[in-house]
J.: 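Dumping the structure here so I can ask a few things about it.
Just so it is clear, the model here is predicted, and its values are computed rather than measured. Per chain, numbering begins at 1; letters A, B, ... match sequence-line order.
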Protein chains: 2
Amino acid sequence: MLELRHLRTLIALRETGSVSRAAKRVHLTQSALSHQIKGIQAHYGLPVIQRQGQSIKLTDAGKRLVFLAEKVLEEIQVAERDLAKISQQTSGSLRIVLECHTCFDWLMPIMNVFRQHWPEVELDLVSGFHSDPIKLLEDGSADVVIGSEHKRRRDITHHPLFRFEILAVLAPEHALHRKRILQADNFADETLITYPVPEDRIDLILKVLKPNGIHPKRRTAELTVAILQLVASRRGVAALPSWGIKNYIDHDYVIARRIGNGGLWSDLYASTLRETASRPYVRDFLSTIKKTCFATLEGIVPLK
Amino acid sequence: MLELRHLRTLIALRETGSVSRAAKRVHLTQSALSHQIKGIQAHYGLPVIQRQGQSIKLTDAGKRLVFLAEKVLEEIQVAERDLAKISQQTSGSLRIVLECHTCFDWLMPIMNVFRQHWPEVELDLVSGFHSDPIKLLEDGSADVVIGSEHKRRRDITHHPLFRFEILAVLAPEHALHRKRILQADNFADETLITYPVPEDRIDLILKVLKPNGIHPKRRTAELTVAILQLVASRRGVAALPSWGIKNYIDHDYVIARRIGNGGLWSDLYASTLRETASRPYVRDFLSTIKKTCFATLEGIVPLK
DNA sequence: TTGATTAATGAATTTCATTCATAATTATGC
DNA sequence: GCATAATTATGAATGAAATTCATTAATCAA
């Protein structure tokens with residue numbers, strides 16, 4: 001018999017175009033999904049996916065079920081928001097601290113959606129640089145911190161969002177453009193263009209350059225576009241999340257290269273007070289982030 | 001996490017107003033539903049039902065979820081019909097034999113719905129009396145027989161529909177109106193008004209009167225309304241399904257009495273060729289019967 | 001070719017819904 | 001009132017079924 005888990009699987013299949021990636025998306029093994037698909041197909045006597053070489057394609061029946069899935073899961077979300085309103089834990093505040101400047105890119109549309117769903121919740125961004133953002137949670141002057149992992153504490157919950165790759169960004173004709181992968185020493189003679197934050201907040205420096213004793217010149221800019229302008233104008237190189245620069249790469253304004261053989265990866269978490277995490281609008285906010293990020297940002301990987 | 005089974009349970013709860021009856025409706029134990037309900041409530045931190053003395057009442061949260069359930073389950077039905085159309089086993093015929101005349105009452109609206117959902121299927125009623133209706137299935141001159149159980153055969157599937165009670169119907173001022181329960185000998189001096197079918201098709205005669213050596217006069221009429229007219233005009237008494245006479249009882253045209261201490265019950269089945277049963281439109285037809293009968297006919301009980 | 005990636009399969013395992021047995025609660029008849 | 005019947009709630013035991021594990025088969029790129 002059809003169950004919601006099948007519908008969630010179908011959606012993940014359409015979004016990823018592959019059984020193994022869909023499995024990661026729904027936090028199951030590839031085998032589990034394979035069995036699920038087999039079950040659906042046996043139940044309806046119809047194939048829902050077709051092997052297309054390495055990956056897979058949805059059949060007409062599969063598409064019809066995905067259409068169903070989207071409607072149904074959307075309706076469930078709406079209903080669950082209504083339930084949260086019935087339970088009256090509906091007003092409150094959601095003041096967000098961003099450790100990672102680039103995150104503005106994907107956060108904006110999510111905040112817009114959130115504002116519509118929870119008009120009573122006071123939504124705000126806490127601006128400025130903060131050396132210990134977690135302290136803001138305890139102070140009660142912020143509700144969520146979005147950034148990299150912090151050390152575990154009993155009163156704080158770290159909600160894993162996703163893992164993403166940080167790529168080196170170069171001007172198209174840059175001397176290093178022939179290299180597929182950049183190593184630490186390639187940065188020795190470059191100017192590094194970054195957001196205006198301390199060194200220990202920059203993964204490239206912290207994890208790659210400093211351990212190799214390399215200390216390039218630095219120059220800062222507030223906005224992602226500004227950084228990319230400087231890179232394209234040959235003022236230096238930058239290191240940015242793969243999804244933050246996709247548009248610029250596609251238009252050949254700049255080029256991107258992997259850093260180190262395995263690549264330089266970073267994990268993003270949303271941290272809240274344990275107590276805050278139970279509020280329905282906070283849970284909705286976090287699940288919206290995950291849902292839309294996996295749907296819109298390319299090259300990100302589920303965490304934990 | 002919410003699953004479709006919870007939604008089905010919620011609907012059954014609303015329709016029956018009781019956990020144990022809802023359990024029967026969805027073919028589970030009362031305990032299973034109790035656990036399910038507990039699960040939903042824990043998940044949302046909200047009660048969905050309220051004990052109202054013996055029975056139960058839905059809370060606002062429960063009502064919201066029922067609303068969701070109806071939308072979602074309806075959409076799934078539509079999608080499944082579409083899948084059946086994709087699989088192309090969509091045309092064919094559904095010729096129905098009715099052993100039980102009263103069944104016209106509930107079958108008509110169902111046929112109308114069915115005709116809209118499956119316009120390509122040739123829908124028909126096979127009229128006239130048939131001594132061995134199952135033979136019509138083998139002949140290929142009918143597709144479904146609706147009636148009481150027949151002996152098991154390998155090539156025939158009997159789909160249980162529901163169990164219903166047959167009540168004696170009397171004129172309001174009939175001499176027997178003081179008795180709450182009628183016994184076999186109460187019928188000795190009465191005229192029995194029935195549909196024009198052989199004795200062995202009339203449960204009252206077969207199961208109650210004949211075993212007690214009682215053979216009342218008989219008179220026949222084609223239509224349920226005609227039978228009830230004769231009863232009200234003191235031409236005799238009848239025995240009809242409880243749901244077939246509800247309207248007339250409510251208007252005090254006639255009165256109804258239980259037959260025998262446990263009551264006289266009859267089981268209704270839909271029989272098809274095993275092969276026919278797998279066609280999607282047949283399965284849809286059968287599930288529609290069950291769904292709408294349980295929703296609209298009072299006093300019927302799930303079978304098997 | 002080889003190696004890397006992905007999907008499919010069958011068996012083993014784990015999870016979790018259901019049942020069973022029973023207690024608690026409420027209604028009804030006397 | 002009390003006894004009895006009917007209903008819901010609960011905890012432990014069960015069992016079905018979903019998931020994982022381990023492996024094979026298929027596809028692609030080098």
Side-chain angles (χ1 to χ4, degrees), chain A residues 1-44 46-59 62 165 180-181 258 261-263 298-299 301-302 304, chain B residues 1-44 46-59 62 69 180-181 261-263 299 301-302 304:
Chain A
M1 184 149 250
L2 192 71
E3 281 293 346
L4 291 180
R5 120 184 66 93
H6 297 120
L7 299 186
R8 293 187 241 275
T9 297
L10 257 335
I11 287 192
L13 280 172
R14 203 232 20 207
E15 283 177 349
T16 60
S18 128
V19 178
S20 17
R21 264 170 308 183
K24 280 197 188 118
R25 176 80 52 100
V26 296
H27 302 290
L28 289 172
T29 60
Q30 170 268 319
S31 177
L33 286 226
S34 205
H35 285 296
Q36 271 193 22
I37 295 165
K38 206 178 162 198
I40 301 173
Q41 305 196 134
H43 182 242
Y44 291 113
L46 278 170
V48 298
I49 60 170
Q50 249 178 286
R51 284 199 67 158
Q52 190 86 313
Q54 288 275 33
S55 61
I56 52 137
K57 221 187 92 183
L58 289 164
T59 63
E165 183 168 9
R180 309 220 61 200
I181 296 180
R258 169 159 287 192
N261 293 335
E298 273 180 39
V301 176
K304 177 162 174 263
Chain B
M1 183 150 250
L2 193 69
E3 282 293 348
L4 291 181
R5 112 186 73 93
H6 297 121
L7 298 185
R8 292 186 241 274
T9 296
L10 257 336
I11 287 192
L13 280 172
R14 203 225 27 198
E15 284 178 347
T16 60
S18 129
V19 178
S20 16
R21 264 171 309 189
K24 281 197 186 118
R25 177 78 53 99
V26 295
H27 301 290
L28 289 172
T29 60
Q30 169 268 321
S31 177
L33 285 228
S34 205
H35 284 296
Q36 272 194 20
I37 295 166
K38 205 178 162 196
I40 301 173
Q41 307 196 133
H43 182 244
Y44 290 113
L46 278 171
V48 298
I49 59 170
Q50 247 179 290
R51 287 198 63 163
Q52 189 86 317
Q54 287 279 29
S55 60
I56 52 139
K57 221 187 91 182
L58 289 164
T59 63
R180 307 219 63 201
I181 297 179
N261 294 335
V301 176
K304 178 164 173 255

J.: Just the rounded figure in Å: distance from P of C:dT6 to CZ of A:Arg25.
T.: 15 Å
J.: So A:Leu2 and A:Leu7, do their side chains get closer than 4.5 Å, heavy atoms only?
T.: yes
J.: Which nucleotides of nucleotides 9-22 of chain D have their base under 4.0 Å from a protein heavy atom (B), which only their sugar-phosphate (S), and which neither (-), written as one string 5' to 3'?
T.: BBBB-----SBBB-
J.: Please report the interatomic distance CG(A:Leu33) to CG(A:Leu28), rounded to the nearest 0.5 Å.
T.: 6.0 Å
J.: Looking at A:Lys57, is its backbone amide N or carbonyl O close enough to the side chain of A:Gln52 to form a donor-acceptor pair, meaning the two atoms are under 3.5 Å apart?
T.: no
J.: Quick check on the helix from C:dT1-D:dA30 to C:dC30-D:dG1: what's the angle between its two end axes, five base pairs per end, to the nearest 10°?
T.: 30°
J.: Where do B:Gln41 and B:Ile49 land on the side-chain contact (heavy atoms from CB on, under 4.5 Å) test, with the steps shown first?
T.: CA-CA 9 Å; B:Gln41 307 196 133; B:Ile49 59 170; 4.1 Å; yes
J.: Report the distance from atom NZ of B:Lys24 to atom C1' of C:dT18, rounded to the nearest whole Å.
T.: 17 Å
J.: Take atom CD of A:Gln41 and atom P of C:dA7, then tell me their distance rounded to the nearest Å.
T.: 13 Å
J.: Are A:Leu58 and A:Leu10 packed together at the side-chain level, in the sense that at least one heavy-atom pair is separated by less than 4.5 angstrom?
T.: yes
J.: Heavy-atom distance under 4.5 Å between the side chains of B:Thr9 and B:Ile40, does that happen here?
T.: no
J.: Could you check how far CD of A:Gln54 sits from C1' of D:dA26, rounded to whole Å?
T.: 9 Å
J.: State plainly whether the residues A:Arg258 and A:Glu165 are in salt-bridge range, i.e. N to O under 4.0 Å.
T.: yes
J.: Between A:Ser18 and C:dA7, is there a side-chain N or O to OP1/OP2 distance below 4.0 Å?
T.: yes
J.: Calculate the interatomic distance between A:Leu13 atom CG and C:dT6 atom C1'; express it in whole Å.
T.: 13 Å
J.: Would you check if the side chain of A:Ser55 reaches a backbone N or O of A:Ser18 as a donor-acceptor pair within less than 3.5 Å?
T.: no
